[in-house]
Amino acid sequence: MQTEDPGGFENRPAYRRIGIYLLALIVLGMAVSVFAYLSSMQVLGWQMPEFNLQTPFKSAGGVNSTPASKGLYLYASPNTRSYFASIGGNYDRLLTPWRAYAKQRQLSFKEISDPQELSNIKDGVLVLASAVALSEQERTSLQEYRARGGAILATWATGTRNEKGEWAGWQFLEAMGATSKGEIALESKARFLILNGETPLTHSQPAGQRIWLGNASESLLRFSGEGAASIMDWARVQEPERKNESAVLYAEPSADSGRSAVFAFAESAWESQPYPIYSLVDDTLIWLQRRPALLRAAWPEGKYAAQIIEMDTEEGFANALRFASLIRSINYRGSFYVLTSVAKQFPAEMKQLAREYDIGFHGDTHISFKEQGLNEQEKRINIMREDLKSILPDLPAITGFRAPLEGYDQTTQSLLQKNGFLHHVTDPNSSEGRLPVFVKIDGISQDKAMILLPRTQRDDLNLNKEQLDLEQTRQALISDAETSKQMGALGLLSVHSQSFEENSLLTQAFPAYLAYLKANRNTVWLASSSQVADWWHERDRLKLSSSIAGKRIEFDMTVTGNKPLANASLILMLPQKSQLPNVLGLKIGMPKATVRRIDDFRAAIVFETLEPGNYAYQAVFN
């Protein structure tokens with residue numbers, strides 16, 4: 001009896017077997033690379049093809065950010081279905097994105113289409129997906145459900161019509177913390193959802209994250225209330241008349257009633273960038289489920305936002321001293337990026353600036369680096385270094401750069417990294433969020449990686465194009481800083497030396513802007529570019545993981561490197577309104593953690609100093 005196929009694998013020549021092994025390894029390696037690429041693109045908002053590759057999603061704090069499946073309900077309102085049918089619409093178009101979300105996240109929503117069933121839900125989270133038309137019976141059942149402790153997530157114009165499709169007003173949404181301010185005009189450029197950082201509904205995404213909401217036929221609504229995101233234009237400029245509006249809102253009237261969240265846009269807006277919206281839904285459901293979430297704070301010392309002011313020092317170089325005098329008046333260490341061919345003509349001014357402020361390079365000449373050859377760019381970097389060395393021979397190595405005309409490319413980034421630069425002040429296109437970003441380049445260790453600091457505010461050139469008067473310029477400067485503060489983001493204002501002539505519009509407007517920053521110093525960290533870049537490296541040394549165990553959240557922290565980490569803090573989303581936890585060490589000798597209230601829904605856990613090593617704690621909720 002033949003027990004082995006003579007033409008089988010084992011009987012093939014050795015060289016052929018080795019070739020097959022190698023081929024298998026190559027295929028496996030390619031598969032892993034493709035998987036990694038698709039996974040990263042998915043997180044960035046790219047929509048996966050029909051095979052629907054699944055990837056786990058982790059929040060910034062280390063807690064698995066997929067909500068619990070238990071107690072999730074999707075209400076397919078029959079009155080809303082009838083209303084949409086009467087106007088030629090299809091309600092399933094607004095329900096289907098929820099079904100797709102549940103499938104992608106491997107969650108189980110129980111769909112309810114009978115209003116009678118609403119009375120049988122005891123707790124959990126009920127999604128009202130653009131449930132525009134609700135009867136009095138449905139409204140009463142939903143109010144009773146929330147009074148029992150049930151949570152509601154309502155989207156778009158839920159409850160604004162009765163069972164006949166007649167206008168009923170905004171009272172239903174107002175009871176959930178969203179006060180109507182109207183609609184955003186279809187011709188408006190405000191079509192981006194801009195997320196605030198470190199809020200209960202956005203804790204897994206960076207401050208200032210920009211999500212395109214498309215051009216769906218369902219209008220974008222305007223609300224005021226406790227907010228986690230706003231609708232703005234691409235540049236993240238809030239129209240003055242919409243200053244206090246929000247597009248993602250949350251509320252908890254009391255500890256006994258259920259929480260609520262409202263999205264000011266319909267599910268049709270998800271189509272453009274579904275995966276960032278999925279992350280928003282994740283965070284929202286977690287908060288509605290009263291599950292605590294923990295993450296590293298973006299900024300040190302418990303500050304909520306950060307602010308950089310830098311000057312591109314080129315034409316009108318001597319005006320830099322006037323600018324320096326202004327920022328000195330609030331005891332602020334600003335940053336000056338100097339055009340070295342001009343700086344050589346002002347050695348005395350250059351030496352004066354170098355004694356008190358951060359100095360960085362703005363190139364050798366005011367010509368963009370973008371699309372220049374590698375040799376040309378490297379030559380220019382060497383020239384600008386030699387230029388400054390001739391003026392400031394004893395100045396420590398300068399590691400900051402800002403490209404002239406904000407013109408740079410991948411070659412520029414690689415050369416800067418190769419030459420030991422640690423931060424690069426870039427254009428607003430360089431990041432979809434408003435936080436510093438690490439540049440990942442092969443062969444460069446993480447502790448030496450360059451930091452991108454995206455310009456996040458309108459500069460003087462932008463404001464000049466708007467032809468603003470003095471008071472409008474003051475208000476524009478303050479409004480942009482206020483927006484960054486609201487987001488918990490990095491505010492970065494760039495100005496040009498030629499705009500600071502004596503009695504110029506900007507020179508007259510600036511004192512009011514600096515007074516605003518000084519008044520908000522308790523919550524906004526005023527820092528130079530190098531200070532922010534240094535902090536971002538320091539923050540990266542803190543590794544955090546956490547898990548929920550009953551009425552407590554356990555978390556481990558590891559501080560890498562060989563020096564103490566100062567002023568690190570964590571942000572904790574509270575499961576019960578205004579109830580701060582007790583934070584206890586799980587090992588002997590754990591440094592004391594100070595718990596500070598941020599607002600009704602968040603607390604900061606602050607550590608004065610952490611030596612390199614591992615730490616274990618638990619936050620216990622009563």
Side-chain angles (χ1 to χ4, degrees), residues 59-61 63 65 67 125 127 151-156 158 173-174 176-181 184 190 192-213 220-232 236 238 242-253 258-267 269-270 273 275-295 297-299 304-305 432-435 482-489 523 571-575 577-578 598-604:
S59 75
V63 178
S65 68
V125 179
V127 175
I152 292 177
L153 169 53
T155 64
W156 197 42
T158 287
L173 289 176
E174 287 175 355
M176 291 199 295
T179 301
S180 172
K181 296 295 182 181
I184 294 177
F192 292 87
L193 185 68
I194 310 297
L195 306 185
N196 297 341
E198 300 175 353
T199 79
L201 308 193
T202 59
H203 60 262
S204 71
Q205 300 199 69
Q209 176 76 11
R210 182 169 43 207
I211 304 174
W212 169 239
L213 294 178
L220 301 177
L221 303 180
R222 300 166 54 198
F223 292 116
S224 64
E226 192 79 44
S230 302
I231 294 175
M232 301 182 188
R236 303 181 183 91
Q238 185 73 288
R242 298 182 49 238
K243 181 178 178 182
N244 297 314
E245 294 179 6
S246 299
V248 175
L249 304 99
Y250 55 98
E252 181 182 354
R259 290 176 162 178
S260 62
V262 176
F263 292 176
F265 47 92
E267 286 71 12
W270 297 20
Q273 287 189 278
Y275 288 97
I277 296 291
Y278 285 3
S279 295
L280 172 63
V281 173
D282 287 341
D283 291 352
T284 301
L285 293 180
I286 286 170
W287 183 76
L288 291 172
Q289 291 175 335
R290 297 186 182 277
R291 297 175 63 205
L294 190 68
L295 61 148
W299 308 113
Y304 185 62
E432 284 300 302
R434 273 189 160 180
L435 292 177
E482 182 78 23
T483 298
S484 292
K485 175 190 169 185
Q486 173 187 316
M487 291 177 189
T523 54
I571 305 295
L572 177 64
M573 308 301 156
L574 303 175
K577 183 178 181 179
S578 298
I598 297 176
D599 54 30
D600 285 347
F601 305 108
R602 297 174 298 171

For Ile286 against Pro67, the heavy-atom pair lying closest together:
CG1-CA, 4.1 Å
OG of Ser246 to CD1 of Ile194: how many Å apart, nearest 0.5 Å?
13.0 Å
Can you find a pair of side-chain heavy atoms, one from Ile184 and one from Glu245, that are under 4.5 Å apart?
no
With a 3.5 Å distance limit and no angle check, can you tell me whether Arg259 reaches the backbone of Trp287 through a side-chain donor-acceptor pair?
yes
Sorted by chain and number, sequence neighbours left out, salt bridge (charged side-chain N to carboxylate O under 4.0 Å, His left out) with Glu482 holds for none
Measure the spacing between CG of Asp599 and OG of Ser578 and express it to the nearest 0.5 Å.
8.5 Å
Side chains of Gln209 and Ser279: donor-acceptor distance under 3.5 Å anywhere?
no
Let's go through Glu252 and Arg290 carefully: what are the C-alpha distance in whole Å and the side-chain angles of both, what is the deciding distance for side chain to side chain contact (heavy atoms under 4.5 Å, CB included) to 0.1 Å, and is it a yes or a no?
CA-CA 11 Å; Glu252 181 182 354; Arg290 297 186 182 277; 2.9 Å; yes
Compare every heavy atom of Ile571 with every heavy atom of Ala604, then report the nearest pair and how far apart it is.
CB-CD1, 4.4 Å
Find the distance between OG1 (Thr202) and CG (Asp282) and round it off to the nearest 0.5 Å.
12.5 Å
Are Thr155 and Trp270 packed together at the side-chain level, in the sense that at least one heavy-atom pair is separated by less than 4.5 angstrom?
no
Under the 3.5 angstrom rule, does the side chain of Arg242 hit a backbone N or O of Ser230 as a donor-acceptor pair?
no
Are the side chain of Gln273 and the backbone of Trp212 linked by a donor-acceptor contact shorter than 3.5 Å?
yes
Salt bridge (charged side-chain N to carboxylate O under 4.0 Å, His left out) involving Glu198 - partner list, sequence neighbours excluded
none
Side-chain donor-acceptor contact under 3.5 Å, Asn244 with Ser224
no
Over 60° means perpendicular and under 30° means parallel, so classify the ring planes of Phe263 and Phe265, tilted if in between.
parallel
In terms of heavy-atom contacts, Leu574 and Ala603 come closest through CD2-CB, 4.1 Å
Is there side-chain contact between Leu572 and Pro292, with at least one heavy-atom pair below 4.5 Å?
yes
What I'd like to find out is whether the side chain of Phe223 reaches to under 4.5 Å of the side chain of Lys181, using heavy atoms alone.
no
Shortest non-hydrogen contact between Thr179 and Glu174, atoms and distance
CA-CG, 4.0 Å
Sidechain-backbone polar pair: Gln205 side chain, Pro276 backbone, donor-acceptor under 3.5 Å
yes
Out of curiosity, Met573 CE to His203 NE2, how far, rounded to the nearest 0.5 Å?
6.5 Å
Which value, rounded to the nearest 0.5 Å, describes the distance between Leu173 atom CG and Ile152 atom CD1?
10.0 Å
I want to check something: taking the side chain as every heavy atom from C-beta on, are Leu153 and Thr284 in contact at a cut-off of under 4.5 Å?
yes
Would you indicate whether the side-chain heavy atoms of Arg602 and Pro200 approach each other to under 4.5 Å?
yes
Supply the atom-to-atom distance Leu280 CG to Leu285 CG, rounded to the nearest 0.5 angstrom.
9.5 Å
Exercise: identify the closest heavy-atom pair between Ile277 and Leu193:
CD1-CD2, 4.4 Å
If you compare all heavy atoms of Ile211 against all heavy atoms of Leu195, which two are closest, and at what distance to 0.1 Å?
CD1-CD1, 4.1 Å
